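Per chain, numbering begins at 1; letters A, B, ... match sequence-line order. Just so we're clear, the structure is a prediction, and the values are computed from it rather than from any experiment.
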Amino acid sequence: MIFDIQLADELSAIARLPVQEISDMLEIPPDRQLGDRAFPCFKLAKTMRKNPQLIAQEIADNIKKPNFIERIETKGAYVNFFFNRAVFAQTVLEDILNKGERYGSSDKGNGSVVCIDFSAPNIAKPFHIGHLRSTVIGNSLYKIYEFLGYKCIGINHLGDWGTQFGKLITAYKHWGIKDDLEKEPIKALLDIYVKFHDEAEKDPSLEDEARMWFKRMEDGDEEALSLWRWFKDLSLREFNKIYDMLGVKFDYYTGESFYNDKMDRVVELLQGKGLLTESQGALVVDLSQYDMPPCMIKKTDGTTLYATRDITAAIYRKETFDFDKCLYVVAYQQDLHFRQWFKVIELMGFDWYDKLFHVPFGMVSMEEGTLSTRKGRVVFLEDVLQKAVDRTLDIIKEKNPGLENKEDVAKQVGIGAVVFHDLINNRIKDIVFSWDQVLNFDGETGPYVQYAHARAMSILAKATQTITGKVGGDLLTEDETLELIDLLARFPEAIEAACQANEPSIVARHTIDIAQAFNKFYKNHMVIVDDDEMQRARLTLVYATAQVIRIGLGLLGIQAPAKM
RNA sequence: GCGCUUGUAGCUCAGCAGGAUAGAGCAACGGAUUUCUAAUCCGUGGGCCGGGGGUUCGAAUCCCUCCAGGCGCACCA
């Protein structure tokens, strides 16, 4: 934040430490009574060989006070700074007013390219709650990076190739009904897929048939390929329904099949570098000196694997987009897989190996155990979204029956609740799916934030004054007001931190904090009051708050209805 | 067995490039609405920050070790 930099500047002049270091040391006291910012002097004690309390006192006595600091106190080894609340409010709100919906954005990225590989569902398999995380985390990272000036490329690396399609074709040939597939494609595909596994246990020849069909696909057989294409189209149509609901877009849908004709070259490249060794009939890159199992490039039967495709895709993306960073938003189960093939990229001599990042996230399971489509232990995302929307609609009918376009709002809020629920905690945490938690709209939830925003919008609509350029910071000095403004002031830092850690939850948390502070402010201070100046000042704060909440939600891929 | 990861209130979690008395939400109980949306707000109770060692002026945070859970460990993706 600009203030902290200014403060660090002045401190740096006295403490004789670099501004950055000082700025990192600045902290927020545990209690506002102590001050608004604090500078601990313990560390200086060593270099200056002096009692830290004395140092604190010296700093307090000698520092040139920036204009937004009203007074300075010391307590023990801490120098505590108290804001001039009027100046602080004035400056922060002016900044938000000026930047509008770009508040918190920057050009830090300077147009450098970030590829984000996310979502990547398997074709012909239902989109369940486990697939949601990659989708919403990736989508949010896309927006965060873009907001900070990066050029983002969202890639949906569809699971659209492999033996499972041989199975599907076989199953379709035996039991498929075209009408079912057109009507409810995913469910029909899943049905025949499950049936295939049941039948194959009794009649193993079905497996051979499936392999035969996949071989025909790989050989370019038109019948096999057109069925494959049909399945893929049907699936994509279904996936797009969900992506539409979530408001998620991709720049490319280059799935696994896209790299079929590009892998030979990579295998040759590996060969040329002398990295491939034969092991039990398969081709692998030995990684034993890096304490990892070998990375398999070709199976005994000569077909390629996941790693082969990932390596190929990475090289293709580097050549095509010249990315500065490539993020893989994939569950943590695959940690080893990524470490392995990142190492292979390094061994191949590509100096950009350190620009590849696995962004792992925790598992979703059910109380009964891990998700398993085949065992029927699965919750379809569409059902979750639908239930959340239905429940929202019930609540709206009860609480706000006069609301127009109820259905639209219910969608925004219901889906927002599900998305927010997935983004609020650190990505790495496992989630045990619970309807109670997903459908809870109280407290630290998406609807809570949206509600705060709607309240703010409602005030703006009802106000008798309008916002002028004048902020009236001298009227915005109460405790609750300062708390809110300080959170607004620190919002840009939260976005930076989220970007640096590839962690959308940081934005989600901060946005919750703002909503909370706003609700507190709302409770304690009437906005629409007779005093015109006061009304205008508070209105400005309300306007700024709504603006920032909207940005925060937007970065999470969540909408902010004006009424709910 | 080895590797990655998690362990903080009854539950879900934040805090973890060390800093002042460990914070939220949910659940429970008790309050607040003739005023801008009560999907809200206020209050009460609830904690050997997994255990033990170490580093430090200072450790939930860093290091070591142990314990417990999750995940992974070549022909699936």
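- Taking the side chain as every heavy atom from C-beta outward, A/L11 and A/F81 approach each other to under 4.5 Å.
- Residue contacts shown for A/V413 include a base, since a base heavy atom lies under 4.0 Å away.
- The listed nucleotides are B/C4, B/A20, B/U6; the one nearest the side chain of A/K429 is B/U6.
- Using bins of under 30°, 30° to 60° and over 60° for the plane-to-plane angle, the ring pair A/Y328/A/F342 lands in the tilted bin.
- The side chain of A/I428 has B/U5 as its nearest neighbour among B/U5, B/A20, B/A24.
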Open item on the list: Does the protein touch nucleotides 72-77 of chain B at the base, only the backbone, or not at all? Give it as B, S and - per nucleotide, heavy atoms under 4.0 Å.
Closed with: SSBBSB
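- Here B/C4 is the nucleotide among B/A24, B/C4, B/C71 with the atom lying nearest to any side-chain atom of A/R339.
- Taking the six-membered ring where the residue is Trp, the centroids of A/F165 and A/F231 are separated by 6.0 Å or more.
- A salt bridge between A/E73 and A/K75 is absent, with no side-chain N of the basic residue lying under 4.0 Å from a carboxylate O of the acidic one.
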Using atom names, set out every protein N or O paired with an N or O of nucleotides 34-38 of chain B below 3.5 Å, distance rounded to 0.1 Å.
{"residue": "B/C36", "atom": "O3'", "partner": "A/K462", "partner atom": "NZ", "Å": "3.2"}
{"residue": "B/C36", "atom": "O2", "partner": "A/V527", "partner atom": "N", "Å": "3.4"}
{"residue": "B/C36", "atom": "O2", "partner": "A/I528", "partner atom": "N", "Å": "3.1"}
{"residue": "B/C36", "atom": "N3", "partner": "A/V527", "partner atom": "N", "Å": "3.0"}
{"residue": "B/C36", "atom": "N4", "partner": "A/Y522", "partner atom": "O", "Å": "2.5"}
{"residue": "B/C36", "atom": "N4", "partner": "A/H525", "partner atom": "O", "Å": "2.9"}
{"residue": "B/U37", "atom": "OP1", "partner": "A/S458", "partner atom": "OG", "Å": "2.3"}
{"residue": "B/U37", "atom": "OP2", "partner": "A/S458", "partner atom": "OG", "Å": "3.3"}
{"residue": "B/U37", "atom": "OP2", "partner": "A/K462", "partner atom": "NZ", "Å": "2.3"}
{"residue": "B/U37", "atom": "O2'", "partner": "A/Y451", "partner atom": "OH", "Å": "2.0"}
{"residue": "B/U37", "atom": "O2'", "partner": "A/R455", "partner atom": "NE", "Å": "3.3"}
{"residue": "B/U37", "atom": "N3", "partner": "A/M564", "partner atom": "O", "Å": "2.9"}
{"residue": "B/U37", "atom": "O4", "partner": "A/M564", "partner atom": "N", "Å": "2.8"}
{"residue": "B/U37", "atom": "O4", "partner": "A/M564", "partner atom": "O", "Å": "3.4"}
{"residue": "B/A38", "atom": "OP2", "partner": "A/R455", "partner atom": "NH2", "Å": "2.5"}

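- Proximity of A/L276 to A/V267: side-chain heavy atoms (C-beta onward) are separated by under 4.5 Å at one or more points.
- When heavy atoms are screened at a 4.0 angstrom cut-off, A/A38 is found touching base atoms of the nucleic acid.
- Between the side chain of A/T445 and the backbone N or O of A/Y448, at least one donor-acceptor pair lies under 3.5 Å.
- Using C1' as the reference atom, B/U44 and B/G50 are 29 Å apart when rounded to the nearest Å.
- Residue A/F441 is in base contact, counting any heavy-atom pair closer than 4.0 Å across all strands shown.
- Ion pairing between a basic and an acidic side chain is recognised when a charged N comes within 4.0 Å of a carboxylate O; A/D486 and A/R32 show such pairing.
- Within 4.0 Å of A/N80, counting heavy atoms only, lies at least one base atom of the nucleic acid.
- Rounding to whole angstrom units, CZ of residue A/R509 and P of B/C16 are separated by 12 Å.
- B/A39 atom C1' lies 12 Å from atom CD1 of A/I512, rounded to whole Å.
- Atom P of nucleotide B/G15 and atom NE2 of A/H510 are separated by 14 Å, given to the nearest angstrom.
- The pair A/D394-A/K397 does not count as a salt bridge, with every side-chain nitrogen at least 4.0 angstrom from each carboxylate oxygen.
- The interatomic distance linking A/D430 (CG) with B/C4 (C1') rounds to 13 Å, in whole Å.
- As a whole-Å value, the separation of A/I424 CD1 from B/C26 C1' is 13 Å.
- Classification of A/R538 and A/E478 as a salt-bridged pair holds, one side-chain N sitting under 4.0 Å from a carboxylate O.
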